[in-house]
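First comes the structure, then the notes that go with it.
Keep in mind that the numbers below use all heavy atoms, side chains included, and drop hydrogens, waters and symmetry copies.
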Amino acid sequence: MVSQLKVNEIIKQSGSSISIGESGDTINLAGATYAAAGVNTPYFFAERTGSGQTVSATTTTTIQYNTATINEGSCYDNSTYKFTPTTAGVYFFKAKMAWNSADDWDNSEMNLLKNSTSTKLDRYTVSNVFYNSLMVSAIVSLTTSDSVYATIYQSSGGTKDVLYGGWSFFTGWKLIA
């Protein structure tokens with residue numbers, strides 16, 4: 001059964017807005033169709049805090065962004081350093097890794113990965129660099145069984161440290177559909 005509501009005026013009772021429908025509803029206003037606004041959750045911002053993370057030569061290492069200062073939806077795991085969404089959709093990610101070393105980061109490669117090393121979303125390589133940073137970003141479609149994380153590889157020169165305290169971070173959010 002379809003219901004109709006006929007009024008001459010709608011006035012808000014309190015607050016500063018009037019809600020019609022729920023997220024995902026389609027509303028027809030005088031022949032024009034509008035979709036109710038979606039939300040861009042979940043979202044997170046994680047960074048490397050405490051001491052620096054040691055990265056060994058000739059080893060692919062997951063970057064340990066160990067503190068999620070924002071974690072709406074609780075999708076970022078501080079122990080695995082991965083984001084796994086509770087809502088399927090299209091997401092934006094950005095990761096930065098910085099180092100402060102007089103030692104040469106020789107032939108280094110930072111990757112943003114989906115699920116495994118076989119699905120590289122973005123990568124950035126440098127050679128013979130000191131006191132620098134790398135940054136990667138991507139827009140990707142995810143299901144609730146996918147994970148996204150960042151890795152670093154450096155081919156030689158011994159162990160290095162990833163900086164902490166806001167210099168190295170990982171962030172992402174769901175794009176509104």
Side-chain angles (χ1 to χ4, degrees), residues 23-24 37-101 103-127 129 131-177:
S23 179
V39 293
N40 60 340
T41 56
Y43 53 86
F44 75 100
F45 181 86
E47 60 185 318
R48 177 74 196 169
T49 59
S51 61
Q53 175 189 353
T54 301
V55 176
S56 299
T58 67
T59 303
T60 298
T61 304
T62 298
I63 301 172
Q64 298 173 355
Y65 303 101
N66 59 346
T67 303
T69 55
I70 300 170
N71 197 5
E72 179 66 33
S74 301
C75 295
Y76 183 76
D77 188 326
N78 286 328
S79 62
T80 63
Y81 319 108
K82 295 180 180 182
F83 174 86
T84 305
T86 53
T87 306
V90 178
Y91 287 79
F92 172 80
F93 295 97
K94 183 176 188 177
K96 179 182 177 188
M97 185 221 72
W99 65 91
N100 184 12
S101 175
D103 294 329
D104 179 6
W105 277 68
D106 206 17
N107 300 320
S108 299
E109 177 178 298
M110 182 178 182
N111 289 292
L112 191 58
L113 305 173
K114 175 182 173 182
N115 299 331
S116 69
T117 57
S118 63
T119 310
K120 290 182 182 178
L121 303 174
D122 191 18
R123 78 177 196 164
Y124 188 39
T125 59
V126 294
S127 194
V129 209
Y131 303 99
N132 210 333
S133 64
L134 300 174
M135 196 171 332
V136 290
S137 62
I139 294 175
V140 61
S141 181
L142 298 176
T143 67
T144 57
S145 61
D146 291 325
S147 290
V148 175
Y149 61 104
T151 62
I152 185 68
Y153 174 86
Q154 56 115 359
S155 67
S156 63
T159 60
K160 308 285 190 285
D161 286 332
V162 174
L163 279 180
Y164 55 92
W167 289 98
S168 296
F169 66 85
F170 182 30
T171 188
W173 56 87
K174 183 175 185 260
L175 299 174
I176 297 174

Do the non-hydrogen side-chain atoms of [X] and [Y] ever get within less than 4.5 Å of each other?
X: Val90; Y: Ile139; result: yes
X: Val136; Y: Met97; result: no
X: Thr144; Y: Thr86; result: no
X: Asn66; Y: Arg48; result: yes
X: Phe92; Y: Ser137; result: yes

Examine distances only and state if a side-chain atom of [X] and a backbone atom of [Y] form a donor-acceptor pair shorter than 3.5 Å.
X: Gln64; Y: Gly52; result: no
X: Lys114; Y: Ser141; result: yes
X: Ser145; Y: Thr143; result: no
X: Asp77; Y: Ser79; result: yes
X: Thr171; Y: Lys94; result: no
X: Asn115; Y: Ser147; result: yes

Fill in the blank from the handout: On a heavy-atom basis, the closest approach of Ala46 and Tyr65 is CB-CB, 3.9 Å

Handout entry: Distance-minimising heavy-atom pair for Met110 and Ile63
Key = CE-CD1, 3.8 Å

Exercise for the section: Before giving the answer on side-chain contact (heavy atoms from CB on, under 4.5 Å), spell out for Tyr153 and Thr61 the whole-Å C-alpha distance, their side-chain angles and the decisive distance to 0.1 Å. Expected result: CA-CA 6 Å; Tyr153 174 86; Thr61 304; over 6 Å; no

Got a second to check how far [X]'s [atom1] is from [Y]'s [atom2], nearest 0.5 Å?
X: Thr84; Y: Tyr76; atom1: OG1; atom2: OH; value: 10.5 Å
X: Leu113; Y: Lys82; atom1: CG; atom2: NZ; value: 9.0 Å
X: Thr151; Y: Leu112; atom1: OG1; atom2: CG; value: 8.5 Å
X: Asn71; Y: Asn78; atom1: CG; atom2: CG; value: 7.0 Å
X: Ser56; Y: Ile152; atom1: OG; atom2: CD1; value: 12.5 Å
X: Thr59; Y: Gln154; atom1: OG1; atom2: CD; value: 8.5 Å

Completion exercise
Sorted by chain and residue number, the side chain to side chain contact (heavy atoms under 4.5 Å, CB included) partners of Ser74 (sequence neighbours excluded) come out as none

Problem - Any residue meeting side chain to side chain contact (heavy atoms under 4.5 Å, CB included) with Pro85, in chain and number order, not counting sequence neighbours - result: Phe83, Tyr91, Leu142

Exercise for the section: With sequence neighbours left out, write down each residue that passes side-chain hydrogen bond (donor to acceptor under 3.5 Å, both in side chains) with Thr67, or none if nothing qualifies. Expected result: Thr49

Problem - cation_pi(Lys96, Phe169) dist<6.0 Å, angle<=45 - result: no

Handout entry: Phe170-Phe44 aromatic ring centre distance below 6.0 Å
Key = yes

